[in-house]
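Below: the structure, in C-alpha cells.
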Protein chains: 2
Amino acid sequence: MEKVLVKLKEVYPLSGAALGKLIAKLQALSLPKGYILVREGTVANKLYFMEKGIARSFCYKDGKEITFWFGAEGSFISSYNGYIANKPGYGTIELLEDCILFSIDQASMQALFQTDLELANWGRKLAELELIKTEQLLISQLFKTAHEKYQDLLAENPGLLQRVQLGHIASYLGVTQVTLSRIRTKMK
Amino acid sequence: MEKVLVKLKEVYPLSGAALGKLIAKLQALSLPKGYILVREGTVANKLYFMEKGIARSFCYKDGKEITFWFGAEGSFISSYNGYIANKPGYGTIELLEDCILFSIDQASMQALFQTDLELANWGRKLAELELIKTEQLLISQLFKTAHEKYQDLLAENPGLLQRVQLGHIASYLGVTQVTLSRIRTKMK
DNA sequence: GCTTTCTTTTAACAAATGTTAAAAAGTAGT
DNA sequence: ACTACTTTTTAACATTTGTTAAAAGAAAGC
C-alpha cells in the first residue's frame, strides 16, 4: 500500500481523518494478466488505482481493437461513463500484466462526498486533473502526426514500449501497425 | 440571465442558498464578434458560461489554426489548464459572434469550494461532466473517419454549419478544408 | 533443440488525404 | 449593379496511410 497513499495525497491535500475515511473504503485486488476489469457496454461504477502493473482501454471498430488509453503504476483507472454518469462505458479495460489494484465503489465515494468537505474537494480535484490530461490527449491527437505522437510517447513514456505490444500502441497513435512499423524504420 | 440559471442547476442540484452564493459571483459580459477571450500561452483562470453566441478554441500548428472545440449557448467555457492548474493554456478562445457571457474567477470559486459542501460537489460534478464529454471527443477522434465525424456533427449539431466557417469545422474534424469539401460533395 | 504460436517487419498495390493554385460562389459596402 | 473581399469548391499531382499477404523474428511449450 505504497504508491496509492502517495498519489491519493497528491491529488489534493487531506487531513489524516479524511484520508483515513478514504482508505477504509479501499479494497486490494490481485488480478492476472489478461483479466478484463471492465467490459464494454456494462455499467462499471468503480474507481481503481493501479499499484503495480499496466492496463489498457480499448473499443472495437469494424472488428478491430482500438486502444485509447494506457494506465501504469500510479494511474487512476475507471470507465468514467460508468463511475460518473452511471451509464454503460464505451471501452473494455484489460490488464496487460499481473496487477495489484485498489478499488473503491462509487456508492461509497458518493457517501463520502455528501458528508465531508475535504473529500468532496478531493473528488473535484481528481476529476479536474483527469480532465486536463484528457484534453491534452485530445489536442495532441488532433494536431500531431503519428510520427510526432510516437516521438512524444518515446520521450514521455519510454518504458511503455517494453511492456506493451506495438499493435496496441499503433491504434493508440491512431494508425495501423504497418504504419507504425514504417515510422519506426524511418527513425533508425 | 435565463440559460445560465438552468444550466447551473442542471450540473448538480443546489439549495437556494448555495445557488445564491454562486450567482453573486457571476459577472455579465457583452463582447463583440472576433473578441479574443483567452490568448494561447497566458494563464486565464476564469470560468465562462455562454448565454448567447458561439466561440471556438484553437491552437496554431505550422502557422495554421486548428480548432479543437466549439461552445454555443449553454456551454461552459474555459482554458481548463489555467482555471484548474493555474498554468498557461494551450488554446486561444475566440468569439465567432457577438456574445453574452457570464464569468466567475477561479479565486472566488475556490473560496466557495473551501466553505460550502454543496458547491464543492457542484464543482466536482462540473469537472466530471466535462471529463466524460472530453473523453467522448477523444474516442470519436481516434476511431472515426473524417466522413463519420462530419455525419455525427450534422446529426448532433446541425445548426453549427450555419454559424461557423467550414475551415474551422475541417480542422475540428482533423482534416483540411479541401478534404471536408470532398466529403461534402460525396454526400450530395 | 525443435516445433508452434504470436508479434513485428517488409512488400506491392489501392485508397485517402495533403498541397498548391485557380475558379466559382457568396457577402458587404458603395 | 459594381467592386473588393472572403469563403468554398474544384483540379492536378505528391505524399501518406490503409490493406492484404508473406517473410522474418521472438517467445512459449514440449
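Here is the naming used below: chain letters follow the sequence lines, and residue numbers restart at 1 for every chain.
Distance alone, capped at 3.5 Å, is enough to place a donor-acceptor pair between the A:Thr115 side chain and the A:Ala111 backbone. Side-chain atoms of B:Thr179 do not come within 3.5 Å of backbone N or O of B:Val175 as any donor-acceptor pair.
Taking atom CG of A:Leu166 as the reference point, atom C1' of C:dT8 lies 7 Å away to the nearest angstrom. One interatomic measurement links the two molecules: OH of A:Tyr150 to P of D:dT17, which rounds to 15 Å at whole-angstrom precision.
When distances are taken from the side chain of B:Gln165 to each of D:dT10, D:dT7, C:dT7, the shortest belongs to D:dT7.
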Under 3.5 Å, which N/O atoms of the protein pair with N/O atoms of nucleotides 13-20 of chain C?
residue : atom : partner  : partner atom : Å
C:dG18  : OP2  : B:Thr176 : N            : 3.2
C:dG18  : OP2  : B:Thr176 : OG1          : 3.1
C:dG18  : OP2  : B:Thr179 : OG1          : 2.4
C:dG18  : N7   : B:Arg182 : NH2          : 2.7
C:dG18  : O6   : B:Arg182 : NH1          : 3.3

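Using modelled atom types and a 3.5 Å distance limit, the side chains of A:Tyr12 and A:Arg124 yield no donor-acceptor pair. Defined by atom type and a distance below 3.5 Å, a donor-acceptor pair is missing between the side-chain atoms of A:Ser171 and A:Glu65.
A heavy atom lying under 4.0 Å from DNA chain C marks none of the residues of residues 155-163 of chain A.
Here A:Glu94 pairs with A:Ile36, A:Arg56, A:Phe58, A:Leu96 under the side chain to side chain contact (heavy atoms under 4.5 Å, CB included) rule; sequence neighbours left out. Remark: A:Glu73 pairs with A:Lys3, A:Lys52, A:Arg163 by the side chain to side chain contact (heavy atoms under 4.5 Å, CB included) rule, at least two apart or across chains.
Shown here for A:Gly41 and A:Pro88, the closest heavy-atom pair between the two residues is O-CB, 3.2 Å.
In this structure, the ring of A:Tyr172 has its center no less than 6.0 angstrom from the ring center of A:Phe68.
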Practice task
Could you encode protein contacts along nucleotides 25-30 of chain D as a string, one character per nucleotide from 5' to 3', using B for base contact, S for sugar-phosphate-only contact and - for no contact, with a heavy-atom cut-off of under 4.0 Å?
Solution key: ------
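Grouped by direct or indirect side-chain proximity (heavy atoms under 4.5 Å, Ile/Leu/Val/Met/Phe/Trp/Tyr only), A:Leu117 sits with B:Leu117.
For the atom pair CG of B:Asn45 and CD of B:Gln106, the computed distance is 5.5 Å after rounding to the nearest 0.5 Å.
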